[in-house]
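In what follows, a structure is listed as structure tokens, so that the remarks can point back to it.
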Amino acid sequence: MPELPEVETICRDVRRHLVGARIERVRVLKPDVLRGIARQAFERHLTGRRFRSVGRRAKHVVMALDDGRRVVIQPRMTGSLLVAEADGTKDPHVAIQVRLESGKRLLYRDVRRLGAVFLLTPGEWGAYHAGLGPEPLAPTFTRSRLGALLAIGRLAVKKAIMDQRRLAGIGNIYANEALWLARIDPSRPARAIDATETRRLHRAIVDILSRAIASKGTTLRDYRTGLGARGRFQSRLAVYGRRGERCRRCRRRIVLTHAIDGRATYFCPGCQR
DNA sequence: CATGACACCTGCTCGC
DNA sequence: TGCGAGCAGGTGTCAT
């Protein structure tokens, strides 16, 4: 569920509680969220370590430890990370609890348990990082880089901007919203997007992600910030979840289709070409 | 290599 | 009220 703005919000919220803090105890309650490491090894490795930094890459939370390894969390559809004051192990959906020296708990909660948690060496992190596309909010993400990643292959533009190897962090909600902002039909072949449209799409992507972060993300169902609050961007969505409502630009009714990759695609047939 | 189908899970909503 | 079907913000694997 969480896309770039939601994960960014989570990181900002939990960072100040974690950086420099010593890990007193780790409890993995749902071992199937761990990838490539067993429960005991994960718990043993983290206990006694300190968090050195908390950051985001694509839609993933990256927490560096003082031994150089990194805990990487992919929340996927229903995962959430939050700092709590009290024990969370009674909550049936808490997969991992990390108790800090402050007494606070870092909880990884995941109703569907589709999320994934990794413990990576510096070398493994390098490969992980390299497998993801550019960060859309980094200064290095330019119009020409967007143009280059759209030019390859024959897939729909919506699929192209959601492909994490091409561009990191955009999911279904913000893909729909960015394409509406840019007035581009989501089903258009990516390679057919011209320079003017690429310019509009670049601006739309940066704009929608920045504004969503400023609103602490979009809460439709499960998503919560790192402090357990709801995001506010859902009230700003122009097309996502608004089938049958009128386009705020041209007054035509918003259409829903599942023709692209089987995912919900909302668009305005009046002004998205 | 690109692409599409499917799997992974649970919970919620809707129609009957 | 109960029940089955369909759906959900993501990503990895497998066959073609």
Side-chain angles (χ1 to χ4, degrees), chain A residues 1-10 29-36 56-62 72-81 91-96 108-118 120 124 127-129 131-133 136 149-180 186-187 189-191 205 208-209 212-213 215-225 230-244 256-266:
Chain A
M1 139 249 118
E3 305 182 30
L4 186 156
E6 289 73 32
V7 177
E8 181 63 30
T9 300
I10 288 169
L29 301 148
K30 311 283 181 186
D32 54 347
V33 302
L34 294 178
R35 299 301 150 88
R56 176 191 60 72
R57 178 75 172 104
K59 308 168 190 172
H60 311 153
V61 180
V62 183
V72 177
I73 299 185
Q74 299 182 354
R76 302 204 186 173
M77 297 290 269
T78 55
S80 61
L81 201 59
D91 179 334
H93 300 306
V94 167
I96 299 175
Y108 176 59
R109 219 175 157 267
D110 192 343
V111 171
R112 287 167 69 183
R113 297 198 314 284
L114 296 175
V117 177
F118 305 82
L120 303 181
E124 290 168 333
Y128 187 103
H129 185 274
L132 292 162
L149 67 87
L150 293 177
I152 306 161
R154 211 173 291 96
L155 71 182
V157 59
K158 177 167 179 253
K159 273 206 78 173
I161 62 174
M162 289 176 67
D163 179 348
Q164 301 299 297
R165 290 164 314 207
R166 295 177 192 245
L167 184 59
I170 299 193
N172 201 32
I173 293 178
Y174 299 111
N176 280 294
E177 295 297 313
L179 289 162
W180 179 84
S187 67
R191 62 196 313 178
I205 287 169
I208 199 78
L209 296 176
I213 291 171
S215 295
K216 296 187 176 292
T218 299
T219 296
L220 297 177
R221 302 179 188 85
D222 310 274
Y223 164 69
R224 295 294 183 276
T225 71
R230 291 167 172 274
R232 299 187 313 272
F233 200 68
Q234 55 277 14
S235 65
R236 299 260 178 269
L237 297 175
V239 284
Y240 190 89
R242 302 197 181 283
R243 173 175 58 162
L256 167 63
T257 169
H258 287 83
I260 302 170
D261 204 31
R263 315 279 314 268
T265 298
Y266 295 89

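Just so we're on the same page: letters track the sequence lines, and every chain starts at 1. Just so you know, these numbers use all the heavy atoms, side chains as well, and skip hydrogens, waters and symmetry mates.
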Which part of the nucleic acid, if any, lies within contact of A:Tyr174, taking any heavy atom under 4.0 Å across all strands shown: a base, the sugar-phosphate backbone alone, or nothing? nothing
Rounding to an integer number of Å, can you tell me how far A:Asp261 CG sits from C:dG10 C1'? 11 Å
Strand DNA chain B as a dot-bracket string - pairs counted if Watson-Crick or G-U with both distances under 3.5 Å, | where the partner lies in another strand: .|||||||.|||||||
Figure out the CG/C1' separation between A:Leu256 and C:dA8, and round it to whole Å. 12 Å
Before accepting this row, confirm whether a basic side-chain N of the pair A:Arg165/A:Asp163 lies closer than 4.0 Å to the acidic partner's carboxylate O. yes
Heavy-atom contact window of chain A on DNA chain B, given 5' to 3' at under 4.0 Å: B:dT3 to B:dG11
Expressed in angstrom and rounded to an integer, what is the separation of A:His60 atom NE2 from C:dG10 atom P? 10 Å
Could you tell me whether the side chains of A:Tyr174 and A:Glu6 share a donor-acceptor contact shorter than 3.5 Å? yes
Under 4.0 Å between any heavy atoms, over every strand shown, what does A:Ala264 touch: base, sugar-phosphate, or nothing? Just pick one. sugar-phosphate
Without placing hydrogens or testing angles, list every side-chain donor-acceptor pair under 3.5 Å for residues 230-240 of chain A, not counting sequence neighbours.
from, atom 1, to, atom 2, distance (Å)
A:Arg232, NH2, A:Ala214, O, 3.3
A:Gln234, OE1, A:Thr219, N, 2.9
A:Gln234, NE2, A:Gly231, O, 2.7
A:Ser235, OG, A:Arg232, O, 3.2

Is it the case that the base of C:dG9 and the side chain of A:Arg221 share a donor-acceptor contact (distance under 3.5 Å, atom types as modelled)? yes
Atom CD1 of A:Ile260 to atom P of C:dG9: distance rounded to whole Å? 13 Å
